[in-house]
Amino acid sequence: MIVSVHLADVGVRSVRAVLGRCPRPGATPGLRYAETALTGAIASGPPKLRPGRAALIASWEDDAALDRFLAEDPLPRLLSGGWHVRLLPVRVSGAWSPMPVETDPDAASADEDGPVAVLTLGKLRLRRAVPFLRANSAAAGRAAGDPALLASTALVRPPRFVGTFSLWQSVSAMSRYAYGFAQPQHKAAVQEHRAAPFHHEAAFLRCRPYGVQGTLDGAEPITTAAAARPRPQLAG
């Protein structure tokens, strides 16, 4: 199983068309799960939607299924001016019943020194929306200020679907944000969720990005990060 995340600035008028064309398993060969969503900034404070930018999250049997979708379905044409990334799930916490996740333990060691993608998925309990937004604001503000964060977006499909996609320089950098003691906002949000869940169900997926196409905000974040990474000095 692989996962793909697609982000594109389609314009305010076309966002509704993207939301209405979510592909469905059974009707799309090789598709296991898909969700189209509005996007917003990961930042402290009230939710900040990004008008005109839409997202598609999907899981596939394999790369060939995604390739067919990109070549044959009308939705990718709407998203073609943006950026998409292919992800290999390495670790999952929680569960997402619409998308049973198969992880590849052999890929875990390969992503320690390179960029890592994190996808969170949640089905919001509406009565817990205010506490969720409060906890999320603190954690998101901490993430937005982290220099190891390469790219990020909030995801929402009213009334219940909420999620995030983030791309980090490395597993260690992501772990410092998520579990470190110096800046405990994210860990506090996790603890609050465990005590009184914000969601009916939720999942946290750590993935290894292995294929990208297009640009996001004028750049390709993974290639840009690789180019900026210090190179080892050769002994001479």
Side-chain angles (χ1 to χ4, degrees), residues 3-23 33-58 70 74-87 115-124 126 129-130 132-169 174 177 185-186 189 198-199 202-205 207 209 212-225:
V3 174
S4 65
V5 175
H6 311 248
L7 300 168
D9 293 312
V10 299
V12 174
R13 293 184 178 180
S14 294
V15 167
R16 181 174 293 182
V18 172
L19 296 180
R21 292 185 181 182
C22 186
Y33 166 78
E35 186 71 76
T36 50
L38 303 170
T39 68
I42 289 183
S44 61
K48 300 176 178 65
L49 287 178
R50 181 157 186 166
R53 176 171 289 185
L56 166 67
I57 308 159
L70 293 174
L75 179 57
R77 298 189 199 109
L78 284 174
L79 302 171
S80 62
W83 176 80
H84 79 254
V85 60
R86 300 178 188 224
L87 306 172
V116 59
V118 175
L119 187 63
T120 67
L121 307 169
K123 184 178 179 183
L124 184 64
L126 297 182
V130 172
F132 166 73
L133 292 172
R134 183 173 56 244
N136 184 70
S137 173
R142 167 67 182 89
D146 196 312
L149 184 68
L150 304 177
S152 65
T153 188
L155 305 164
V156 59
R157 178 74 184 244
R160 295 187 183 274
F161 174 76
V162 292
T164 63
F165 170 75
S166 57
L167 188 64
W168 297 82
Q169 286 178 349
M174 180 273 295
Y177 157 72
Q185 293 89 340
H186 178 269
F198 301 131
H199 308 295
F204 169 102
L205 282 69
C207 304
V212 294
Q213 183 174 328
T215 60
L216 185 66
D217 296 324
E220 199 297 290
I222 296 178
T223 303
T224 301

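Remember, it's a predicted structure, so these values are computed and weren't measured experimentally.
Atom-to-atom distance recorded for Leu7:CG and Leu155:CG is 7.0 Å, nearest 0.5 angstrom. Between the CG atom in Leu149 and the CD atom in Gln169 there is a gap of 9.0 Å [rounded to 0.5 Å]. Once rounded to the nearest 0.5 Å, the distance linking CZ of Phe165 with OG1 of Thr120 reads 11.0 Å. For the atom pair OG of Ser152 and CG of Leu167, the computed distance is 9.5 Å after rounding to the nearest 0.5 Å. In this structure, Arg50 CZ and Thr153 OG1 are separated by 8.0 Å, a value rounded to the nearest 0.5 Å. With rounding to the nearest 0.5 Å, the separation of CD in Glu220 from CG in Leu150 is 9.5 Å.
Ser166 pairs by the side chain to side chain donor-acceptor pair (under 3.5 Å) definition with Trp168, not counting sequence neighbours. In this structure, Thr39 has no side chain to side chain donor-acceptor pair (under 3.5 Å) partners at least two apart in sequence or on a different chain. Remark: His84 engages His6 in a ring pair (Phe, Tyr, Trp, His ring centres under 6.0 Å) (not counting sequence neighbours). For Ala8, the side-chain contact (heavy atoms from CB on, under 4.5 Å) partners are Val10, Leu79, not counting sequence neighbours. Checked against side chain to side chain donor-acceptor pair (under 3.5 Å), Arg21 has no partners two or more places apart in sequence or in another chain.
Taking both residues in full, the closest heavy atoms of Leu75 and Pro23 are given as CD2-CD, 3.7 Å, listed atom of the first, atom of the second, then distance. Residues Ala154 and Ile42 approach most closely at N-CG1, 3.7 Å, considering heavy atoms. Across all non-hydrogen atoms, the minimal contact from Ala144 to Ala43 is CB-CA, 4.3 Å. Ala203 and Leu205 make their closest contact through CB-CD1, 3.9 Å (heavy atoms, listed as atom of the first residue, atom of the second, distance). Considering all non-hydrogen atoms of both residues, Pro209 and Val85 come closest at CB-CG2, 3.8 Å. Between Phe161 and Ala37, the shortest heavy-atom contact is CE2-CB, 4.2 Å.
Each of Thr36, Leu38, Ile57 was checked for a side-chain contact (heavy atoms from CB on, under 4.5 Å) with Arg157, and the lone residue meeting it is Thr36.
Residue pairs meeting the side chain to side chain donor-acceptor pair (under 3.5 Å) criterion with at least one partner in residues 7-16, sequence neighbours excluded, are Asp9-Arg53.
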- Query: Going through the checks in order, is the side chain to side chain contact (heavy atoms under 4.5 Å, CB included) test met by Val162 and Phe198?
  - Reply: CA-CA 11 Å; Val162 292; Phe198 301 131; over 6 Å; no
- Task: Could you give me the CA-CA distance, side-chain angles and deciding distance for Leu56 and Val18, then say whether side chain to side chain contact (heavy atoms under 4.5 Å, CB included) is met?
- Result: CA-CA 8 Å; Leu56 166 67; Val18 172; 5.8 Å; no
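Using a 30° and 60° split on the angle between ring planes, Phe132 and His199 fall in the perpendicular class, above 60°.
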